[in-house]
Q: 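Here it is, the structure in full.
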Amino acid sequence: MKPSLCLVIDEMHPNLPELLQPLGVELHYRPDLKAAEVPAALAAHPYDGLIVRSKVRVTAGLLAQAPQLRYVCRAGAGVDNIDEEALAAAGVTLLNAPEGNRDAVGEYAVGLLLALFRNIVRADREVRAGEWKREANRGEEVGGKTIGLLGYGHMGKAFAKRLQAFDCTVLAYDHDPACEANHHATLVSLAELQARAEVLSIHVPYSPANHHFVNEEFLAGFGNALWLLNTARGEVLDHAALVQRLQTGQLRGAALDVLENEKLATLSPEQQARFEYLRAAPNVVLSPHVGGWSFQSYERINQVLARKLREFLVG
Ligand SMILES: NC(=O)c1ccc[n+]([C@@H]2O[C@H](COP(=O)([O-])OP(=O)(O)OC[C@H]3O[C@@H](n4cnc5c(N)ncnc54)[C@H](O)[C@@H]3O)[C@@H](O)[C@H]2O)c1
Ligand SMILES: O=C(O)[C@H](O)COP(=O)(O)O
């Protein structure tokens, strides 16, 4: 195996060296780097590998700093911060690790669904405030509901698998005709998903083509007033349509692990107004992009990357 010199710019589980050292990979572990410092750091040594989470966008400009680069590892699932065309043009291989955090996301989506249906977060806040409101917290059961998954890849499948424990119908729409079906969900057309779903759970990646894919027109195509879950990326969902539909009751509630702008200190006035609505809404559950973050996934992501890197370096 050819030795490899690899720059790591984001924080990783400490199992990384013991997993990659047997592959002949020497790591320069620099999670301390600020985004603006990454290009110079990449140019400073003859790196043939780069391991990132989401600190930087990997663009043609960044790749130009390391003409000898052979691979980029995305320690996670989403590759929306990586210009895949630029990598292909530069002959650089991209490896990601959705197998490492799909179980975390699948479980978390169940948690969000239950929190939303049974008012768990709101009820907790009320009891802590000394309020004992039983009737206002009467909830919905998952049993009997039709859950619609938008995107049936690693994350959609992980959620569908866990929904088998509930007596519900799981439908999935995926635009890839080669999408592998399994018995955890029925693959349907978008029109059928829109006609039947009572809950819409977003599992498509962000890309320019998916920018605001779930918008007013898309949501208006549904036959039922929906509950909405988003554990994918905030930018897939048009938050203006989200807020407007929550305000009018056309959406029954929403659980959002991801937001249109997750840097809360940098919200535009419009984003701030929408955020103020969401944070005050009793039928909204919010979390800080932690669906894929568990102690287990933190370790497993590196194990998945090590397996894929072994195949790449040996093959
Ligand atoms: N909240 C978190 O912590 C967390 C963790 C992991 C992943 N994610 C997000 O989940 C996304 C999905 O991850 P994945 O591993 O399941 O990806 P994946 O590539 O395995 O699956 C995505 C599926 O969506 C389909 N798709 C894409 N655009 C579509 C569209 N417009 N209409 C219908 N189908 C479409 C694709 O064909 C694919 O099958 C990631 O890109 C990431 O943004 C979030
Ligand atoms: O895509 C993912 O794996 C998750 O959204 C986590 O992303 P992060 O590593 O950028 O936190």
Side-chain angles (χ1 to χ4, degrees), residues 9-13 31 34-35 52-57 74-81 96-98 100-126 128 150-151 154-156 158-159 162 199-206 210-212 214 227-240 242-243 246 251 253-301:
I9 62 160
D10 281 291
E11 206 153 324
M12 305 284 292
H13 188 276
K34 294 190 175 33
V52 304
R53 283 197 352 230
S54 47
K55 180 183 281 176
V56 297
R57 281 197 60 72
R74 176 11 175 150
V79 291
D80 43 303
N81 61 320
N96 71 339
N101 61 9
R102 65 184 172 197
D103 293 345
V105 170
E107 286 187 9
Y108 199 79
V110 172
L112 288 180
L113 183 60
L114 295 177
L116 194 59
F117 271 21
R118 303 304 299 272
N119 309 308
I120 294 172
V121 181
R122 187 178 78 207
D124 172 82
R125 278 197 297 257
E126 289 169 0
R128 285 168 198 268
L150 182 63
H154 295 87
M155 305 304 147
F159 186 27
R162 283 151 184 87
V199 175
L200 175 68
S201 187
I202 304 175
H203 299 285
V204 297
Y206 181 74
N210 280 346
H211 182 80
H212 289 182
V214 178
W227 286 271
L228 188 65
L229 307 183
N230 192 4
T231 54
R233 285 289 181 270
E235 302 95 320
V236 174
L237 172 64
D238 181 348
H239 281 55
L242 165 77
V243 166
L246 283 167
L251 276 177
L256 310 169
D257 182 46
V258 288
L259 290 174
E260 58 180 333
N261 180 353
E262 296 179 355
K263 296 190 173 81
L264 297 183
T266 68
L267 300 184
S268 69
E270 293 79 16
Q271 288 172 340
Q272 187 70 45
R274 291 195 280 271
F275 181 61
E276 293 305 332
Y277 176 83
L278 293 173
R279 73 198 287 196
N283 53 348
V284 170
V285 175
L286 300 170
S287 60
H289 198 147
V290 288
W293 282 52
S294 65
F295 293 107
Q296 290 71 26
S297 70
Y298 196 31
E299 279 194 70
R300 205 183 303 119
I301 281 171

Q: Contact between Asp80 and Arg233 at the side-chain level, heavy atoms closer than 4.5 Å - yes or no?
A: yes
Q: Determine the interplanar angle of the Phe159 and His203 rings, folded into 0 to 90°, and report it as parallel if under 30°, tilted if 30 to 60°, perpendicular if over 60°.
A: tilted
Q: Compare all side-chain heavy atoms of Asn101 with those of Met155 and state whether any distance is below 4.5 angstrom.
A: yes
Q: Can you tell me if Asn96 uses its side chain to pair, donor with acceptor, with the backbone of Arg74 under 3.5 Å?
A: no
Q: Does anything in residues 288-301 pair up under salt bridge (charged side-chain N to carboxylate O under 4.0 Å, His left out), and if so which pairs, sequence neighbours excluded?
A: none
Q: Under the 3.5 angstrom rule, does the side chain of Ser294 hit a backbone N or O of Ala104 as a donor-acceptor pair?
A: no
Q: How many angstroms lie between atom NE2 of His212 and atom CD of Glu235, to the nearest 0.5 angstrom?
A: 8.0 Å
Q: Going by heavy atoms in the side chains, are Pro288 and Glu262 under 4.5 Å from each other?
A: no
Q: Report yes if the side chains of Asp257 and Val105 come closer than 4.5 Å at any heavy-atom pair, otherwise no.
A: no
Q: Using modelled atom types only, decide if a donor and an acceptor are shared between the side chain of Asn81 and the backbone of Val56 within a distance under 3.5 Å.
A: yes
Q: Please determine if Arg122 and Glu126 form a salt bridge, counting it only when a charged side-chain N lies under 4.0 Å from a carboxylate O.
A: yes
Q: Are the side chains of Val236 and Val258 in contact, using a 4.5 Å heavy-atom criterion?
A: no
Q: Which pairs count as side chain to side chain donor-acceptor pair (under 3.5 Å) when at least one residue sits in residues 103-114, sequence neighbours excluded?
A: Asp103-Arg162, Tyr108-Ser287
Q: Name all residues meeting the side-chain contact (heavy atoms from CB on, under 4.5 Å) criterion together with Ala281; count only those two or more places apart in sequence or in a different chain, and write none if there are none.
A: Tyr277, Asn283, Val284
Q: At what distance, to the nearest 0.5 angstrom, does CD1 of Ile202 lie from CG of Leu237?
A: 4.5 Å
